[in-house]
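Take a look at the structure below.
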Amino acid sequence: MEKLIITAAICGAEVSKEHNPNIPYSIDEIGTEAESAYQAGASIIHLHVRDDEGTPTQNGERFRKSIKEIKRRCPDVIVQPSTGGALGMSNEERLQPIYLDPAPEMATLDCGTMNFGGDDIFINTENTIIFFAEEMNRLGIKYELECFDKGMVDMALRLHKMGYIKKPMHFNFVLGVIGGISATPRDLNFLIESIPKDSTYTVTGIGKHEFPMISLSIEKGGHARVGFEDNVYLSKGVLANSNGELVERVVQFANEFGRVIASPNEARKILKIT
Ligand code: KMH
Ligand code: ZN
């Protein structure tokens, strides 16, 4: 089977130090968490940033400094800024990290609107998705298609047919957000069966669903995402000390299923990042 790409979502926008005191806010903390994940086997860092008080921001300068610190500690790692940002942000705010110089190699592209975690709405209209895709096409950025529901996969395929989303497509199936698709094997199989054969995919399970969903992905030849953005626990009631601890768990699953871990350069080849 193909080597396993591990993505570490080290920070997120919806969790805070109240959930786990190890959530990184400062640039040094971001660097430390990225390094722990990289040392454990992550080849992609999915990145949100905060101000020093912990408020999520998409500020370009904050991203630039954070990426510089990550690259100082992990020179070859792939940094994948979020363009989802935090709930309630404008499109212009969210897109700031793609305009860095140099442009990031990857970024997320969220593929639909949804109720998010209860009474909030995460807004990604068709025009928004097209605009984000065209900007990333122009800048040569590889998008990871974030799909929180089956309809978002259909939207990505539709926008591909219309010429906005380019192949090869790389999906991230996020299962278990309240308002999105449930985290069950049946749901994950449905998503996997819905994408073109020449696509790649990674799997994210929220909260207690993180490791069950990831292990299924590893078994089926998909890739895996873990990290504080999605889950702050190592096991029931036990907070993870670092993102690295969560990545180590993925490596254990990979060993059980005979999957070798991809280095960042191997991940670039698998995802066809040029
Ligand atoms: N913070 C969520 C509302 C992404 O990174 O592109 C959206 C999110 C997706 O985290
Ligand atoms: Zn994110």
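Counting from 1, the numbers follow the sequence of the chain as shown. None of these values were measured; they are calculated from a predicted model. Whatever order the structure lists ligands and atoms in, that order sets their numbers, starting from 1.
Remark: Lys17 is positioned above the aromatic ring of Tyr25, its terminal NZ or CZ atom under 6.0 angstrom from the ring centre and at most 45 degrees off the axis. A cation-pi arrangement is absent between Arg73 and Tyr38, since the terminal nitrogen or guanidinium carbon is not both under 6.0 Å from the aromatic centre and inside a 45° cone about the axis.
Residue Lys68 qualifies as open at atom NZ: its count of foreign heavy atoms under 6.0 Å is 12 or below. The environment of Phe257 atom CZ is dense: over 12 non-hydrogen atoms of other residues, nucleotides or ligands sit within 6.0 angstrom. Asp119 CG: 12 or fewer foreign heavy atoms inside a 6.0 Å radius. Open room surrounds CD1 on Ile178; 12 or fewer heavy atoms of other groups in view lie less than 6.0 Å from it.
Heavy-atom contacts of His48 reach the following atoms of ligand 1: 1 (N), 5 (O), 10 (O) (cutoff under 4.0 Å). Applying the 4.0 Å criterion to heavy atoms of Gly84 picks out, from ligand 1, the atoms 4 (C), 6 (O). Listed by number with element, the atoms of ligand 1 under 4.0 angstrom from any heavy atom of Leu87 are 3 (C). Counting the atoms of ligand 1 from 1 in the order shown, those under 4.0 Å from a heavy atom of His46 are 5 (O). Every atom of ligand 1 is numbered from 1 in the order shown, and the set under 4.0 Å from a heavy atom of Thr108 is 4 (C), 5 (O), 6 (O).
Distance from atom 9 (C) of ligand 1 to its nearest protein heavy atom, with residue and atom name: Asp110 OD1, 3.3 Å. Looking only at protein heavy atoms, the nearest one to atom 10 (O) of ligand 1 is Glu229 OE2, 3.0 Å. The protein non-hydrogen atom at the shortest distance from atom 5 (O) of ligand 1 is Ser82 OG, 2.7 Å. Scanning the protein for heavy atoms near atom 7 (C) of ligand 1, the closest one is Phe122 CZ, 3.6 Å. Among protein heavy atoms, atom 1 (N) of ligand 1 sits closest to Gly85 O, 2.8 Å.
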Are Asn137 and Tyr143 close enough, and set up right, to give a side chain to side chain donor-acceptor pair (under 3.5 Å), and what steps lead you there?
-> CA-CA 9 Å; Asn137 289 337; Tyr143 23 72; 2.7 Å; yes
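Below 3.5 Å of separation, one finds no N or O of Glu146 facing any N or O of ligand 1. Among the atoms of Thr83, none of the N or O lies under 3.5 angstrom from an N or O of ligand 1.
Closest of all the heavy-atom pairs between Ala156 and Cys111 is CB-SG, 4.1 Å. Closest heavy-atom contact between Glu146 and Asp110: CB-OD1, 3.2 Å.
The CD atom of Glu69 sits 6.0 Å away from the CG atom of Asp28 when rounded to the nearest 0.5 Å. Remark: Met213 CE to Leu188 CG distance equals 6.0 Å, nearest 0.5 Å.
Within the protein, the N, O or S atoms sitting under 2.8 Å from the Zn ion (ligand 2) are His46 NE2, His48 NE2, Glu229 OE2.
For Phe148 and Phe116, the gap between ring centers is short of 6.0 Å.
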